[in-house]
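These numbers come from the heavy atoms of this one structure, side chains and all, not from hydrogens, waters or symmetry mates. The structure displayed is predicted, hence computed values, not measured ones.
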Amino acid sequence: MSLSLDKLRLLRRQAGDATAAPASGPAIAPGRGSAAADTGAPGGTGSAPLPAAANDARARTPAPASVFGWVEQEIRHKPTGAAARETAPAVPAVPPVPVPALRKPEIGGLRRLLGLRDRGLSTATPRENAKDRHVPGEEIAPGLFLIESFVTQAIPTEPLSLAFAKREGEQVQPQDLLFFDTETTGLAGGTGTRAFMIGAADWHTHPDRGDGLRIRQLLMTTMAAETAMLREFAGWLQPSTVFSSYNGRCYDAPLLKTRYRLARQRCPITPLDHVDLLFPTRRRYRGTWENCRLATIERQLLQIVREDDLPGSEAPAAWLNYLRGGSAVNLRRVAEHNHQDVVTLALLMRRLVAEEQRDRETLALQAIDAV
């Protein structure tokens, strides 16, 4: 938008600048009478045109110190057209900025970001501080290990009463009991939590070692082995199986049911009976010791002292560290911790049954004495 000298003078006069030269055309002052504007009266906005000599003298005088004077001077002395192009300073050419070449994505780095591990890659090398990668047991499927052990002990010959669990008149065959415990990636639950180890123990007669407690543990060392682990665990269950756990009814069993649904496998846990030992233990021993954690019950009631035991809270870190290429030392300690858990469950079951039977016999003798 260009501003001519005449328009600028008109604007100056409308703004009340008395020193402004009149425009070439008639000016109409807003809010003033037309007679005052035409006669050049002191109250008007118009004035008589100046002679040519006065205009030349006015052009030679410096412009007043105002915004309008500065703009008028700029318009009067600013070159236009070709002269402006000749006098304009040359703009130095800006060299183009070189664009760096795109880096080719590194496949190994992408795998590390995604947390993937290819067992068959010959180029994959374990970390220098992870020289011990030995996982116990036998690999029965890609990334799935089966750990088996046997503890010689006498198998109960009589059905076990469930009266200690407030189930009057109910009994269970010893060989039908399956004591189980899981090691998981966290305690938050939900679809993001999974069981990386399932331990189970049952009374079994070994063809060579005789009667005892058979312990089987499933350990997955890759995320992809979960489907095979769930299928293998389902093969251990029979229609007559009765689960026994320590808080497994509220945590372990619901977690496994969720994993079966996510794997689109039939859930074998829902139709089976479940005897949770936590609640009868609390009823009997609440207030006797500082808490009713399984480790406390082991130490105080069963006189079992664990040596070099890895706390269950550190199990998720041990497994995730192994997946990232770390050592398997703590992962083996997790397997030992899980092994002792299921053995303790079998001992605790027998102890609770015996305590309940002794209490009933004591009450019967007191009733006889009272008569």
Side-chain angles (χ1 to χ4, degrees), residues 151 153-154 156 158-172 174 177-184 186-189 193 195 199-203 213 215 242-256 269 272-316 333-334 336-371:
V151 177
Q153 60 179 241
E158 299 291 335
L160 300 177
S161 172
L162 299 181
F164 71 92
K166 301 296 183 181
R167 296 172 60 171
E168 299 290 339
E170 296 187 33
Q171 295 180 338
V172 59
L177 283 168
L178 185 71
F179 307 96
F180 84 105
D181 184 50
T182 64
E183 305 297 333
T184 65
L187 299 177
T193 304
D202 60 337
W203 280 302
L213 193 66
I215 299 99
V242 177
F243 285 116
S244 182
S245 63
Y246 204 78
N247 199 33
R249 180 185 291 273
C250 298
Y251 181 75
D252 301 86
L255 175 64
L256 291 178
I269 299 175
L272 301 181
D273 195 5
H274 195 145
V275 180
D276 199 317
L277 303 182
L278 171 63
F279 307 105
T281 302
R282 280 180 176 172
R283 284 194 297 268
R284 179 173 289 273
Y285 299 107
R286 179 185 287 116
T288 305
W289 302 299
E290 64 272 19
N291 55 57
C292 289
R293 295 176 59 247
L294 188 59
T296 304
I297 298 299
E298 281 182 345
R299 184 175 62 256
Q300 302 291 346
L301 181 64
L302 304 177
Q303 305 301 314
I304 297 175
V305 179
R306 301 194 186 195
E307 297 181 359
D308 191 30
D309 181 63
L310 184 73
S313 58
E314 298 183 15
R333 295 176 64 193
V334 172
E336 295 171 1
H337 174 90
N338 181 264
H339 175 277
Q340 185 59 52
D341 281 349
V342 294
V343 172
T344 298
L345 290 177
L347 298 177
L348 181 58
M349 167 71 84
R350 302 183 70 163
R351 182 62 178 265
L352 291 175
V353 172
E355 293 284 350
E356 181 68 22
Q357 182 65 27
R358 184 166 56 250
D359 290 347
R360 290 179 178 270
E361 291 176 357
T362 302
L363 291 176
L365 291 175
Q366 291 176 354
I368 293 175
D369 293 341
V371 173

Original post:
OG1/T296 to CD/E290 distance, rounded to the nearest 0.5 angstrom?
Top reply: 4.5 Å
Exercise answer: donor-acceptor pairs, residues 362-370 side-chain atoms, under 3.5 Å, sequence neighbours excluded:
from : atom 1 : to   : atom 2 : distance (Å)
T362 : OG1    : R358 : O      : 2.9

Subject >> Enclosure of E158 CD (heavy-atom neighbours >12, cutoff 6.0 Å) >> reply: no
Subject >> Closest heavy-atom pair and its distance - L177, D202 >> reply: O-CB, 3.5 Å
**OP:** With sequence neighbours excluded, tell me which residues meet ring-ring contact (aromatic ring centres under 6.0 Å, His included) with F164.
**Re:** none
Return a table of donor-acceptor pairs under 3.5 angstrom between the side chains of residues 338-345 and protein atoms on other chains or two or more places apart.
from : atom 1 : to   : atom 2 : distance (Å)
N338 : OD1    : Q217 : NE2    : 3.1
N338 : ND2    : D181 : O      : 3.3
N338 : ND2    : E183 : OE2    : 3.3
H339 : NE2    : S149 : OG     : 3.2
Q340 : NE2    : T344 : OG1    : 3.1
D341 : OD1    : R306 : NH1    : 3.4
D341 : OD1    : R306 : NH2    : 2.5
D341 : OD2    : H337 : NE2    : 3.2
T344 : OG1    : E298 : OE2    : 2.3
T344 : OG1    : Q340 : O      : 2.8

Subject >> side chain to side chain donor-acceptor pair (under 3.5 Å) partners of R167, counting only residues at least two apart >> reply: E170, D273
Original post:
Nearest 0.5 Å, what's the CG-CG distance between D276 and L278?
Top reply: 5.5 Å
Subject >> Side-chain donor-acceptor contact under 3.5 Å, S245 with Y251 >> reply: no
Original post:
Listed by chain and number, what are the side chain to side chain donor-acceptor pair (under 3.5 Å) partners of Q153, not counting sequence neighbours?
Top reply: W203
Original post:
Between R283 and E356, is there a side-chain N and carboxylate O pair less than 4.0 Å apart?
Top reply: no
Original post:
Rounded to the nearest 0.5 Å, how far apart are CG of L255 and OG1 of T184?
Top reply: 6.5 Å
Original post:
Can you list the residues that meet the side chain to side chain donor-acceptor pair (under 3.5 Å) rule with E168, with sequence neighbours excluded?
Top reply: R360
Original post:
Would you say V242 and L178 make side-chain contact, with heavy atoms under 4.5 Å?
Top reply: no
